[in-house]
Structure formats: structure tokens, C-alpha cells
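Scroll down for the structure; my scribbles are underneath it.
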Amino acid sequence: MEATSYRTHGCGALRLSEVGQRVRVAGWVRRVRDLGRFVFVDLRDRSGLLQLVALEESPMYAKLRELGREWVIQAEGILRRRESPNPTLPTGEVELLVEEVRVLNHSAVPPFLIEDETDGQEELRLRYRYLDLRRPIQQRRLELRARMISIIRSYLSQRYFLEVETPMLIRSTPEGARDFVVPSRLKPGTFYALPQSPQLLKQLLMVAGYDRYFQIARCFRDEDYRGDRQAEFTQLDCEMSFVTREEVLETFEGLVKTVFSELIGVQLPDFPRLTYAEAMRWYGSDKPDLRYSFRWEEVSEWARQQPVPFWKDKATFWLWVPQVKASRKIQDTLQTIAKDNGASSIAFIQQERGHRTSSLSKFLSIEELPLPGDGMGIWLTTEKLSALGAVRQGIIQHLNIPPETPWAVLWVIDFPLFEADDNGRLSAAHHPFVHPHPEDLHLIEEAPLSVRALAYDLVVNGNELMSGSLRCHTPELQMRVFRALGLSEAEAKEKFGFLLEALSYGAPPHGGCAFGIDRWVMLMAGAQSLREVIAFPKTASGADLMLGAPAPLEPEQKAEILSWLSE
RNA sequence: GGUCCGGUAGUUCAGCUGGUUAGAACGCUGGCCUGUCACGCCAGAGGCCGCGGGUUCGAAUCCCGUCCGGACCGCCA
């Protein structure tokens with residue numbers, strides 16, 4: 001902490017090495033402990049906590065006794081060794097014998113404890129966010145976030161990436177989430193939209209020859225929120241030219257490893273890669289949590305030959321979880337999860353100290369099945385692979401299985417380019433600018449659902465942390481994809497004319513990605529909610545409880561804006 | 001948009017099958033206390049029971065509506 005005229009040291013910086021020195025500190029009063037002939041004050045600033053002390057015979061004694069919680073004070077005196085140290089505090093071996101104290105500001109009594117373990121509910125803390133952020137644990141989280149962004153900037157800048165800002169007032173794009181909209185005053189009846197991501201702008205930067213771009217970009221989506229979602233959120237947005245998918249993955253694998261190493265001292269091994277098809281078949285999810293190694297195996301052929309009536313004509317999968325045992329109640333829960341996710345049957349077998357029990361014992365001679373030891377096995381019949389993922393997650397959650405490793409980071413690649421909605425209409429699985437896999441180009445028209453994309457996700461502990469792709473860089477290929485999505489030439493020109501035009505002026509091969517920074521910080525900080533790693537977050541209904549936003553406008557302002565809405 | 005949970009002292013909660021004066025802990029105020037660090041001890045103040053309506057002799061408690069917060073589903077290329 002920098003010294004100023006108000007202070008010579010940060011409260012948390014003082015150690016035995018400063019004992020005997022005259023020091024001046026400034027900060028907030030955490031608590032006053034009045035013992036009669038002694039008074040102790042805990043003084044807090046961002047650097048930590050320091051104990052101040054005054055004895056009865058000192059004129060400071062009366063002054064310290066009068067201080068209230070969260071008053072802002074400045075104190076000066078000689079640092080001395082404590083008679084009874086506190087080993088739980090970094091400054092626990094020293095204290096400041098106060099010779100002078102100045103109250104810089106009073107404070108109202110705070111509505112909740114300004115401590116890591118606070119007694120305030122989140123609603124109250126959001127209303128007094130400046131007090132909540134005064135808690136050391138919050139300061140550490142925002143410091144972690146700032147350090148992470150600084151590491152990212154340094155890594156990318158060293159690799160020829162250029163940080164470019166893109167506008168917040170842009171044009172609404174037809175796909176994706178609902179836009180936040182801003183009415184135009186100068187052209188009544190027209191509207192700006194806030195960006196859902198700088199996707200198209202960064203592609204235009206590649207066309208412009210900027211080669212490697214990044215931005216810590218604020219993005220906006222007007223959808224309903226959750227604990228893990230905010231109306232505005234922060235992306236690390238990146239794009240590169242003249243690179244293969246392989247080179248993009250290497251670049252960002254390096255970034256992620258660097259952040260883990262420099263931020264929390266974790267050396268990650270090389271990231272395994274799963275294709276989308278493998279991830280779905282083995283884990284039933286496109287973002288599998290690989291902290292747990294157990295995975296599904298298809299046993300349909302074997303199952304069809306067994307005398308189990310509900311295994312005929314169905315795809316059957318087998319999962320073995322070693323060294324666990326599920327109660328009847330948990331089995332019922334897993335069955336509900338399976339059924340809710342479209343599975344047609346679920347069956348269990350358990351072995352405990354060599355003794356086997358199974359819900360299929362009346363169909364199968366269970367003693368003859370080869371089992372690897374004690375544990376639980378599950379057979380699931382389902383046509384929907386996502387049921388495999390739901391049951392696997394259910395097992396982890398309800399059996400409280402401890403992770404085998406603290407961090408599991410992997411790539412999922414070869415996502416499908418298209419997906420069909422409920423009515424069978426094609427839509428872009430990721431977004432409509434993704435480059436199809438070169439081996440599947442011939443399938444775009446005949447079998448679009450089997451076209452793979454040059455797309456990739458980075459998955460950390462079951463969370464999608466980053467998503468990206470190579471992009472169509474010729475207008476011809478981009479138009480083929482648009483057509484497959486059901487866009488006519490005229491519609492494509494109307495909606496994405498500027499992109500098609502830009503691609504026709506010498507667009508280089510390019511691709512990139514976007515990281516969800518809030519989620520990433522949340523994982524690194526071990527936080528439970530995005531709101532804990534955002535300085536001024538909104539509630540689930542999109543409200544800022546401190547500012548009182550959103551709020552009605554003054555009648556004149558409202559009337560003026562209403563007049564802009566229609567031309 | 002749907003389902004569920006919650007809203008009582010400054011705070012976190014109890015009370016809720018209707019019935020004296022609505023409780024506890026922490027915090028706050030005052031007093032005592034020689035080494036505390038969740039200091040301890042004693043005393044005290046503090047309440048439109050979210051808001052509006054209804055049922056009833058009587059409502060924190062039951063019913064309807066509404067607002068706010070949270071979780072889940074939908075939604076989130």
C-alpha cells in the first residue's frame with residue numbers, strides 16, 4: 001500500500017520488523033474492545049487489520065473508547081510487540097500504541113457485520129453494496145478478478161494481440177437472445193441495440209487486417225436471470241487471423257494454464273480433447289465434469305440378448321461407480337431424474353463386501369456378471385444421451401462423491417454445425433458464422449444435421465468457460481450456411497449484408513473465442529454465485545437494489561422518449 | 001411466463017392448528033472490568049409482524065390481491 005500524507009503504512013503490512021518505528025495508519029474502526037484500564041481498537045484498511053491500544057493513563061484512552069464501528073480514523077504512535085499475540089492475524093504480533101488519533105469521518109451504525117462471516121442477507125447487502133464490498137473477503141475477490149485480467153492482458157499483449165474497443169450502441173441482430181434496446185432521438189422510430197457480444201465487429205476487425213484482437217467486453221442480454229447469469233456480463237473476446245483451429249486451441253490453452261499458474265499456483269496438465277460425439281456418448285453432456293472418471297459404456301448388443309423385457313429394441317448404457325452404495329431413496333431419486341430426462345428404464349446392481357443385490361435379480365443371474373469389485377452399477381435405456389448426463393450428475397450430487405482431482409479442464413471439439421428445433425427447423429447450434437468442418441462441406445445441403453463445425457468449448461469442472469470457432473471467411477461459404485438455415489439471398493442481405501459485403505473484400509481465414517470472465521473468476525475464487533465476483537451486480541429480476549434501477553422517468557423525459565418510439 | 005420457498009426489533013430468526021403485554025441471539029445505549037481479539041458481567045432502549053383488502057367478537061397467525069428477495073422450469077444463437 002502506497003504511503004500518503006495520511007499514512008505511512010497499510011494496516012495489514014506491519015510486522016515485528018517495524019517494531020519501535022513511529023507509524024501513521026488510516027482506516028475503518030472494525031470494533032472497539034473496552035477492558036476497563038485498556039482499550040483496544042481493530043483498524044481495517046484494504047491491506048488488513050491492525051490492533052490499536054491505549055492505556056488508562058493516556059489521554060488517548062478516552063478518545064478510543066468513544067469511537068464507533070466503521071468510523072474513519074487516522075492514528076499515529078509507536079509500533080510495539082504485543083504482550084499476548086494473536087496467531088490468527090498476520091499482524092498478530094504487533095500493535096500500535098496510540099499517541100494521536102483523528103476522526104476523519106463518523107459512520108452510522110452499519111446494518112450488518114462488516115466481516116467475512118456477515119450476518120446480513122444478500123438482499124440487504126446489495127442495498128448497501130458499498131458496505132458489503134468493504135468486507136475483506138469481497139475485497140480479496142475483486143483483487144483476484146483484477147489480477148486475473150491483468151495476467152490476461154499481459155499474456156495476450158505479448159503475443160501480438162491488440163486491444164480494441166467496440167461500440168455499445170449497435171444494431172439489433174436477429175438471432176440469439178432478446179436485445180436491450182435504446183431509442184434514437186435523432187431518427188425517431190429507429191433503435192440501437194446493446195451488443196450481446198462483439199461477434200460481428202471482431203470479424204470486421206479481422207477483415208480490416210488487425211490480425212489478433214482482444215477485448216474485455218461488456219455484453220447485454222435481456223433474458224430472465226439466474227444465480228449464474230446477469231443482464232450484463234463480461235467476456236474476454238478474442239479473434240485471430242491466419243490460424244488453424246489447432247493454433248487457436250494452443251494459444252488459449254496457454255492462456256488458461258498461465259492464469260491458473262500465476263493466479264492460484266496450479267500447474268494444469270495438457271488439456272484432453274473429446275469430440276462432441278464422445279462427450280455425449282461417454283458422459284451424456286457437452287460439458288462433462290471430468291473431476292470424476294466414471295463414464296457410460298454402450299452395452300446395447302449384450303443387453304438385447306438378455307432376458308430383460310425392457311431392454312429389447314433400445315439403446316442400453318452401463319455405468320460403474322466404484323466404492324459407493326445408494327440407498328433405496330437415492331435410487332428412487334435417480335430413477336426420477338432418468339425418467340424426467342427421457343430415459344425408458346433404469347436398473348441397479350450393488351456389490352458390498354462381495355455380496356450382490358440387484359433390481360434385475362429375477363431376470364438375470366447376477367452372480368455371473370463380471371463386476372470390478374464393490375460398488376454400484378447402473379443400466380440405463382434411453383434414446384436421449386442427455387439422460388446419461390443427468391443421471392451421472394445426479395449420482396455425483398446425491399451420493400456426495402468427492403472429486404478425484406480439484407481441477408479438470410478439457411476441450412470439447414467437433415460440435416454439430418446445426419440443430420433442429422421442435423418443429424424440425426434448422427438453427428445454428430452455436431451462431432450462424434461458424435465454419436463447417438472441411439470434411440463435411442458436401443453434407444451441408446443433403447444432411448445438414450451431420451455436419452460438424454470447427455467449433456470448440458473449454459470446459460472446467462463441468463462449466464463451459466469459453467466457446468469459439470473458426471468462421472466462414474468467404475461470402476460463398478457464408479451464404480451456403482445462411483441458405484441451409486432457411487435464409488433467402490434477400491433476407492441474408494437485409495440482416496447480414498454488411499458482413500457478406502465485408503467478406504467479399506478480402507477477408508482472411510480467421511477464428512476466435514469468448515470466455516465468460518465472471519464465471520471464470522467465480523470458479524477461481526471458489527465463489528457460490530456470479531454476484532460475488534461482480535462489484536455491482538443485479539438481482540434475479542434485473543434490479544440494482546442500491547441505485548434503485550430500473551426506475552421510472554420524470555414525466556417530461558418519458559413523454560419525450562415515447563415520442564421517439566414511432567416516427 | 002410457470003411452480004415453489006421466504007418477508008416479524010438495526011440484523012439473523014422463533015412464534016403461525018386465531019385468544020393476555022409478540023420473544024431469543026447478535027447489534028445499539030449506559031455502567032463495571034488490567035491483555036482483549038466473537039472480550040466478559042449488569043442494566044436499558046428498540047416492533048404499522050412487507051403493503052392493501054376480506055373472514056371473525058378478536059388476525060403476526062386463516063383467505064384473496066399486490067410488491068420485494070431467492071431457488072427451479074421455460075428462456076439464455
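Here is how names work: the chains are called A, B, and so on, in the same order as the sequence lines, proteins then strands, and each is numbered from 1.
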Interatomic distance at [atom1], [N] relative to [M], whole Å:
N: B/rC64; M: B/rU17; atom1: P; value: 15 Å
N: B/rU61; M: B/rG50; atom1: C1'; value: 16 Å
N: B/rU56; M: B/rC13; atom1: C1'; value: 30 Å
N: B/rC16; M: B/rG7; atom1: P; value: 13 Å
N: B/rA24; M: B/rU66; atom1: C1'; value: 32 Å
N: B/rA14; M: B/rC49; atom1: C1'; value: 13 Å
N: B/rU36; M: B/rA71; atom1: C1'; value: 42 Å
N: B/rU55; M: B/rC72; atom1: P; value: 40 Å

Considering only [options], which nucleotide approaches the side chain of [X] most closely?
X: A/D34; options: B/rC33, B/rG70, B/rU36; result: B/rC33
X: A/A543; options: B/rG69, B/rA71, B/rG35; result: B/rG69
X: A/R30; options: B/rC37, B/rC28, B/rG70; result: B/rC37
X: A/R65; options: B/rC28, B/rG69, B/rC33; result: B/rC33

[X] near the nucleic acid: base, sugar-phosphate alone, or nothing, with a heavy-atom cut-off under 4.0 Å?
X: A/L113; result: nothing
X: A/Q51; result: base
X: A/E95; result: base
X: A/R127; result: nothing
X: A/F112; result: nothing
X: A/L124; result: sugar-phosphate

Upstream residue (5' side of RNA chain B) when A/S529 and A/D224 are each assigned their closest nucleotide: A/S529
If you assign each of A/G120 and A/V32 to its closest nucleotide in RNA chain B, which residue comes earlier from the 5' end?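 Between the two, 5'-proximity favours A/G120.
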In the strands shown, is [N] matched to any nucleotide by a Watson-Crick or G-U wobble pair with both distances under 3.5 Å, and which?
N: B/rC37; value: none
N: B/rA59; value: none
N: B/rC4; value: B/rG70
N: B/rC16; value: none
N: B/rC26; value: B/rG10
N: B/rG52; value: B/rC64

Phosphate OP1/OP2 of [N]: any [X] side-chain N/O under 4.0 Å:
X: A/R33; N: B/rU36; value: no
X: A/Q121; N: B/rC13; value: yes
X: A/R31; N: B/rC39; value: yes

Tell me which pairs pass salt bridge (Lys or Arg N to Asp or Glu O under 4.0 Å) where either residue lies in residues 55-67 of chain A, with sequence neighbours left out.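 Every pair satisfying salt bridge (Lys or Arg N to Asp or Glu O under 4.0 Å) with a residue in residues 55-67 of chain A: A/D34-A/R65, A/R37-A/E56.
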I'd like to know if A/R480 pairs up with A/E445 as an ion pair, taking the criterion as any Lys NZ or Arg NE/NH1/NH2 lying under 4.0 Å from an Asp or Glu carboxylate oxygen. yes
Salt bridge flag under 4.0 Å for residues A/R30 and A/E115: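 Here A/R30 pairs with A/E115 in a salt bridge, since their nearest N and O are under 4.0 Å apart.
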Output all residues satisfying side-chain hydrogen bond (donor to acceptor under 3.5 Å, both in side chains) with A/S344, sequence neighbours left out; order by chain, then residue number. A/T381
Are there over 12 heavy-atom neighbours, none belonging to A/E554, within less than 6.0 Å of that residue's CD? no
Test your reading of the model: is there a side-chain donor-acceptor pair from A/K202 to the backbone of A/D237, 3.5 Å cut-off? no
Going by heavy atoms closer than 4.0 Å, what residues in residues 76-94 of chain A are next to RNA chain B? A/R80, A/R82, A/E83, A/S84, A/P85, A/N86
Heavy-atom donor-acceptor pair, [X] side-chain to [N] base, under 3.5 Å:
X: A/D119; N: B/rG27; value: no
X: A/R229; N: B/rC76; value: yes
X: A/E56; N: B/rU34; value: no

Between A/F496 and A/F433 (judged by ring centroids, cut-off 6.0 Å), do the two rings come close enough to count as a pair? yes
Gap between atoms CG and C1', on A/L64 and B/rU36 respectively (whole Å):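 So the CG-C1' distance, A/L64 to B/rU36, works out to 14 Å.
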Closest non-hydrogen atom pair between A/A453 and A/R245, with its separation: O-NH1, 4.2 Å
Given side-chain hydrogen bond (donor to acceptor under 3.5 Å, both in side chains), test A/E223 with A/Y225 step by step and report yes or no. CA-CA 6 Å; A/E223 295 291 346; A/Y225 320 118; over 6 Å; no
The test is side-chain hydrogen bond (donor to acceptor under 3.5 Å, both in side chains); show your working for A/D179 and A/S172 and say whether it passes. CA-CA 7 Å; A/D179 284 315; A/S172 177; 2.5 Å; yes
